[in-house]
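Remember, it's 1-based here, ligands and their atoms both numbered in the order they're listed. Remember, it's a predicted structure, so these values are computed and weren't measured experimentally.
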Amino acid sequence: MKTSLVPALAVLAHWSQLSLAQDYPFTEEQKQNANRTLSVGYVVYHGYTILDVFGPLQFLADLSWPFSIELSVIAKETGAIHSRPPAHHGPDGMPMDMSHMIDAQIVATHTFVTAPPLDILIVTGGIGDLTLQEQNDTSVEEFIASRFPTTRHVLSVCSGAGFLARAGVLEGLRATATKGSWAHVTRHGKNVTWVPSARWVHDGKVWTSSGVSAGMDMMVAFLRHVYGDPVVNTSVNNVEYAPHVDPSWDPFSVVHKVPGANMSMAMKELVGPLEVYP
Ligand SMILES: *[C@@H]1O[C@H](CO)[C@@H](O)[C@H](O)[C@H]1NC(C)=O
Ligand SMILES: *[C@@H]1O[C@H](CO)[C@@H](O)[C@H](O)[C@H]1NC(C)=O
Ligand SMILES: *[C@@H]1O[C@H](CO)[C@@H](O)[C@H](O)[C@H]1NC(C)=O
Ligand SMILES: *[C@@H]1O[C@H](CO)[C@@H](O)[C@H](O)[C@H]1NC(C)=O
Ligand SMILES: *[C@@H]1O[C@H](CO)[C@@H](O)[C@H](O)[C@H]1NC(C)=O
């Protein structure tokens with residue numbers, strides 16, 4: 001925290017009833033995190049998935065008011081990074097032209113060479129990973145592998161787990177990924193225990209989430225781990241977001257017929273998802 005926890009919480013008191021925070025059993029690490037600057041690096045590439053980036057970033061941005069957080073948006077080159085997927089081939093080998101789709105851009109502030117030391121590394125998912133693979137462009141994987149030993153927490157959203165797998169950092173770990181492209185992502189990596197029914201998985205320093213919106217639920221759980229509940233829960237209420245807090249909640253593993261998924265989940269008892277015809 002920029003000054004100290006107590007004044008910051010006093011300023012935040014209008015958010016909610018934070019007086020309880022005085023009694024909250026923060027871990028030593030959470031107390032230290034509240035008093036230090038956390039350097040966050042978000043790895044992006046052309047064809048990134050919009051919500052994979054901006055969903056989790058909303059919570060980080062909110063918490064950068066009471067806490068000291070620095071953000072670097074990292075890509076192969078600085079400047080505008082496009083969400084619109086570049087030309088690539090689909091899983092069936094068909095050429096895919098998505099140039100008519102809308103395009104939201106994010107500005108990369110750093111390259112893989114100029115990125116500062118990071119406490120937290122987050123890797124987005126996106127269709128652009130297919131283009132990078134076709135071009136034999138392994139710059140994202142090389143960056144992850146080079147930074148993994150010195151980064152305290154490494155997170156991926158959706159197909160971002162494929163980059164972690166190819167970088168070799170999931171070896172011996174449990175992980176999950178988007179259920180919509182499960183086979184495509186989980187063929188990568190050696191000795192990875194891919195968890196078929198999971199909203200997100202936390203193993204060691206690695207957090208991996210399922211598809212797109214699941215990144216927001218993972219980020220809420222991750223931030224509670226890093227900072228403790230009181231300020232994080234308040235922030236989530238301010239965002240008016242109702243996170244799934246059970247990491248095994250995963251009806252989409254059923255929807256997408258992921259092999260090994262827990263098919264006994266009663267989908268109708270869960271919130272969403274939409275049924276698909278037929
Ligand atoms: C943060 O540092 C200040 C000043 O050193 C200290 O008074 C405060 O207790 C620390 N906060 C936590 C949560 O450790
Ligand atoms: C990528 O590597 C494969 C296998 O070595 C090769 O067949 C292909 O031509 C390469 N593609 C590009 C764009 O370099
Ligand atoms: C694979 O990972 C598990 C931990 O999940 C470990 O016990 C085992 O030794 C690893 N196997 C190989 C061949 O590396
Ligand atoms: C934060 O929210 C989670 C999820 O609803 C809840 O389990 C936890 O008890 C809350 N923590 C506090 C301190 O209110
Ligand atoms: C499968 O899902 C059901 C319903 O949510 C749950 O009761 C059961 O424990 C789950 N089984 C496993 C192996 O996780």
Sorted by chain and number, sequence neighbours left out, side chain to side chain contact (heavy atoms under 4.5 Å, CB included) with Asp246 holds for Ser248, Trp249
of all protein heavy atoms, closest to atom 7 (O) of ligand 4 is Arg224 NH2, 3.7 Å
Nearest-option assignment for atom 11 (N) of ligand 4, heavy atoms, candidates Thr234, Val220, Asp229, Asp246
Asp229
Flag yes if more than 12 heavy atoms outside Glu134 fall under 6.0 Å of its CD atom; otherwise flag no.
yes
Can you tell me if Ser264 contacts ligand 5 (heavy atom of the residue under 4.0 Å from the ligand)?
yes
Evaluate Gly172 for polar contact with ligand 3, using N/O atom pairs at a separation under 3.5 Å.
yes
Could you tell me, atom by atom, which parts of ligand 4 come under 4.0 Å of a heavy atom of Asn233?
1 (C), 2 (O), 3 (C), 8 (C), 10 (C), 11 (N), 12 (C), 14 (O)
Atom 1 (C) of ligand 3 - nearest protein heavy atom and its distance:
Asn191 ND2, 1.4 Å
Where the side chain of Thr78 meets the backbone of Thr111, is there a donor-acceptor pair that is under 3.5 Å apart?
no
Would you please test Arg199 and Asp250 for salt bridge (charged side-chain N to carboxylate O under 4.0 Å, His left out) and show each step?
CA-CA 5 Å; Arg199 188 72 171 159; Asp250 191 9; 5.6 Å; no
Between ligand 3 and Thr193, is the shortest N or O to N or O distance under 3.5 Å?
no
Nearest to atom 5 (O) of ligand 4, what protein heavy atom do you find, and at what distance?
Val245 CG1, 4.7 Å
Establish, from distance only, whether the side-chain atoms of Asp62 and Ser235 form a donor-acceptor pair under 3.5 Å.
yes
Distance-only donor-acceptor pairs under 3.5 Å for side chains of residues 200-207, two or more places apart:
unit_1, atom_1, unit_2, atom_2, d
His202, NE2, Gly204, O, 3.0
Asp203, OD2, Arg174, N, 2.8
Lys205, NZ, Phe148, O, 2.7
Lys205, NZ, Thr151, O, 2.7

